[in-house]
Number of protein chains: 6
Amino acid sequence: MRISARNALKGTVANVVIGPVNAEVTVQLAGGDTVVSIITKESAESLQLVKGKAVYAIVKASNVMIGVE
Amino acid sequence: MRISARNALKGTVANVVIGPVNAEVTVQLAGGDTVVSIITKESAESLQLVKGKAVYAIVKASNVMIGVE
Amino acid sequence: MRISARNALKGTVANVVIGPVNAEVTVQLAGGDTVVSIITKESAESLQLVKGKAVYAIVKASNVMIGVE
Amino acid sequence: MRISARNALKGTVANVVIGPVNAEVTVQLAGGDTVVSIITKESAESLQLVKGKAVYAIVKASNVMIGVE
Amino acid sequence: MRISARNALKGTVANVVIGPVNAEVTVQLAGGDTVVSIITKESAESLQLVKGKAVYAIVKASNVMIGVE
Amino acid sequence: MRISARNALKGTVANVVIGPVNAEVTVQLAGGDTVVSIITKESAESLQLVKGKAVYAIVKASNVMIGVE
């Protein structure tokens, strides 16, 4: 499926913490950055997210803010 | 100000499109990815976003999804 | 690509309004409801969204609220 | 109260999972789809969400993405 | 309708800017703060938002970040 | 860092509930309102959020809805 979300950053799962409802997934991007994601426990299990798995961190453009130092 | 948003990806502004209410800002990350952001026109102007400016693309962890091919 | 977003509602595009930055896409669900989406103009054009096209309205679970009358 | 969110899909609560901070609520829509929502535990309790209760799944249009197969 | 969103801040409309797809609504809170909202043009018109109208600025808790100086 | 989010409401932490993945932070605004925020447990700990600490409740304008009675 192609999706309207403009941002899909390629990486690998670096860590997964499972809670009773949500899970925190850390993605190591190819470019060196890490991205942290909160998804449901159910999604983390359904997608079989484990360390080292190739994934995309996907973000809708309206959820990206800009910061300036 | 330090902010609770877990993701702040360093980059430079690659493009800005200003509309009557919103603006689309494209950020080139150091690692090679690009990230597209929709913010208000007012914010884009207030932060003086122009091509080449050093910025951060900031995303709250609960707004990051995971995709698997 | 499989995505962590828990909600993917099948329907057809009922209307598209293109603005200078964003676009409003109305999706008619099989079950009779309609769902309105705001995505970037660029995404609407890239996905070639036109009336009658089969699509999914996709929503991350953390973006769904509950109302009670 | 009338609210600006464009999407209010009528259904009944099919399941509720309560965690220490958040709760996952599954809504069965009249049209046959199911929608999963993450809200705070406090909201789930305050709205007295139990299986079979008539509710609306409410989504702001800017949080709806479009997918194409 | 009662809604799961935890935050409903009472105020009055201070300004409305209508674009082709979205509208920017500024709300003056009783406590002195102002809150800016982006909703669809259609919602702004449907709710007949004009300067001085009594409204609530509504935010889902998962969309609130915390900043520390 | 200056950020594009249009809303930064000054207040003090009134309560913090820590879960295994997320935390709920209640902020008492100077104007009398309270705002509830869900952030990651990691952010709550990293920002050392405790009762009485001066903070800002930060919200992107596209995440603010308008309600009318």
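A, B, ... follow the sequence lines: proteins, then strands. Residue 1 opens every chain. Keep in mind it's a predicted model, so treat the numbers as computed, not measured.
- A pairwise comparison of heavy atoms in Ser62(F) and Ile38(E) identifies CA-CB, 4.0 Å as the closest pair.
- Using a 4.5 Å cut-off between heavy atoms, Ile66(F) contacts chain E through both its backbone and its side chain.
- Residue Asn7(F) is tested with Thr34(E), Val35(E), Val27(E), Val64(E) for a side-chain contact (heavy atoms from CB on, under 4.5 Å); the sole match is Val35(E).
- At a 4.5 Å heavy-atom cutoff, the contact between Asn63(F) and chain E is made by backbone and side-chain atoms alike.
- Counting heavy-atom pairs under 4.5 Å between each of Gly31(F), Gly11(F), Ser37(F), Ala54(F) and chain E puts Ser37(F) at the top.
- Residue contact with chain F, scored on non-hydrogen atoms closer than 4.5 Å, involves the side chain of Glu24(E) exclusively.
- For Ala57(E), the parts lying under 4.5 angstrom from a heavy atom of chain F are both the backbone and the side chain.
- The backbone N or O of Leu9(F) lies less than 3.5 Å from no partner atom in the side chain of Asp33(E), so there is not a single donor-acceptor pair.
- Taken to the nearest 0.5 Å, the CD atom of Glu69(E) stands 11.5 Å off from the NZ atom of Lys53(F).
- The side-chain heavy atoms of Val68(E) and Leu49(F), taken from C-beta on, include a pair separated by under 4.5 Å.
- Tested against Met65(F) for a side-chain contact (heavy atoms from CB on, under 4.5 Å), the candidates Val25(E), Ile58(E), Val59(E), Val55(E) yield a single pass: Ile58(E).
- With a 4.5 angstrom heavy-atom cutoff, Ile39(E) touches chain F only via side-chain atoms.
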